[in-house]
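Notes follow the structure.
Whatever order the structure lists them in is the order used to number ligands and atoms, beginning at 1. All residue numbers refer to positions in the sequence shown, counting from 1.
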Amino acid sequence: MDVHREVRETAEAIDTMETRGAAAIADAAARALRTQARTSDADTPAAFRAELRAAARVLFDTRPTAVSLPNALRYVLHGTEGGTVEALRESVERTVGEFCARLDRAQADLGEVGANRLRDGDVVMTHCHSTDALACVEAAVDQGKELEAIVKETRPRNQGHITAEELADLGVAVTLIVDSAARHYLDEVDHVLVGADAVAADGSVVNKVGTSGLAVNARDRGTPIMVAAQTLKLHPATFTGHTVDIEMRDPGEVIDAETQERIGDPEVVNPAFDVTPPRYVDAIVTERGQFPPESIVTLMRELFGEGTTRPWEEP
Ligand code: RUB
């Protein structure tokens, strides 16, 4: 099947985490489908649709955990209508434009909702790098609030460094800590603020590995935990999140081969995500308002119904 070079390049960038974070992955995948549509020389509507499905499959096979990726592909493939190749092409163009605009708007609206939870002088603790979480901080800063942040470095890939840099650019005073120092500082923190790769029907949150331990510690310390997740992260196909495929990454991200060998060649495993049960989450902030995790299922039914089809597979 003729999948455009740029689609393969986008897939490669997602796979190698040059493009990373659930929202950015969704945006890139939708744009790649648009490139496929723009450049397709399919001569029948059926061939055009088959090409789009093949491109979606290549994108889908990159990273298994963030549900924003299949949700983006579903949005574009479901929204593509027309009886001729030209009509289908225009429809993809329109649907992708709509999708990307929605994504931008959703993040800005979510930021406003999340900012209302943050008071002037609050200290937030972050894990990994989430554009949805940062949108809340940005909106709070725009409202004139002064915030401080304790930023976990987030081993092994240190996405906390990206968060530190972006928060500093917003004028937030940043303290960077190693992941294992989190509990030590939780007493000084007003909110734990994280993003999500997927939110299950029972309100469980799938996010960067380490989120669940942080949430348990935060609950123990009485620090509220707030998850910023636009509705694109809602996962209608899983009840508790435990069926979500947790991506296992290269052990080389954790330790170099030489050191591994020197310390007795232990097995090294590198799960990228974990699941936080709803009882450790205080609020899920979306562009449609904030919800206790237990009531997220109502929003999910309203938005997605019961459908969980995979339109990139052969009908
Ligand atoms: C990123 C991560 C982020 C979510 C949400 O993991 O866990 O918290 O993807 O991000 P990775 P956003 O670096 O492995 O992709 O709010 O930007 O969608």
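What sits closest to atom 5 (C) of ligand 1 on the protein, heavy atoms only, is A196 O, 3.4 Å. Given atom 4 (C) of ligand 1, the protein heavy atom at minimum distance is D197 OD1, 3.2 Å. The protein heavy-atom contact nearest to atom 6 (O) of ligand 1 is K208 CE, 3.3 Å.
Results of the side-chain contact (heavy atoms from CB on, under 4.5 Å) test with L33 over T10, T80, L73 single out L73 as the only residue that passes. When each of V174, V151, V192 is tested with T126 by the rule side-chain contact (heavy atoms from CB on, under 4.5 Å), just one qualifies, namely V151.
Only side-chain heavy atoms of Q159 come within less than 4.0 Å of ligand 1; its backbone N, CA, C and O stay farther off.
Rounding to the nearest 0.5 angstrom, the gap separating the CD atom in Q36 from the CZ atom in R89 is 10.5 Å.
Each of the following atoms of ligand 1 lies closer than 4.0 Å to a heavy atom of K233: 12 (P), 16 (O), 18 (O). Within ligand 1, counting atoms from 1 as listed, the ones closer than 4.0 Å to a heavy atom of G21 are 9 (O), 15 (O). Near A22, meaning under 4.0 Å from one of its heavy atoms, ligand 1 places the atoms 9 (O), 10 (O), 12 (P), 18 (O). Within ligand 1, the atoms closer than 4.0 Å to a non-hydrogen atom of R63 are 11 (P), 14 (O), 15 (O), numbered from 1 in the order shown.
The shortest N or O to N or O distance between M17 and ligand 1 is not below 3.5 Å. For ligand 1, none of its N or O atoms has an N or O atom of G195 under 3.5 Å away. Checked by distance only, ligand 1 and Q107 stay at 3.5 Å or farther apart across all their nitrogen or oxygen atoms. Considering backbone and side-chain atoms together, S130 places an N or O closer than 3.5 Å to an N or O of ligand 1.
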In sequence, state the C-alpha distance, the side-chain angles, and the governing distance for R105 and E287, and then conclude on salt bridge (Lys or Arg N to Asp or Glu O under 4.0 Å).
CA-CA 8 Å; R105 213 169 40 236; E287 76 278 16; over 6 Å; no
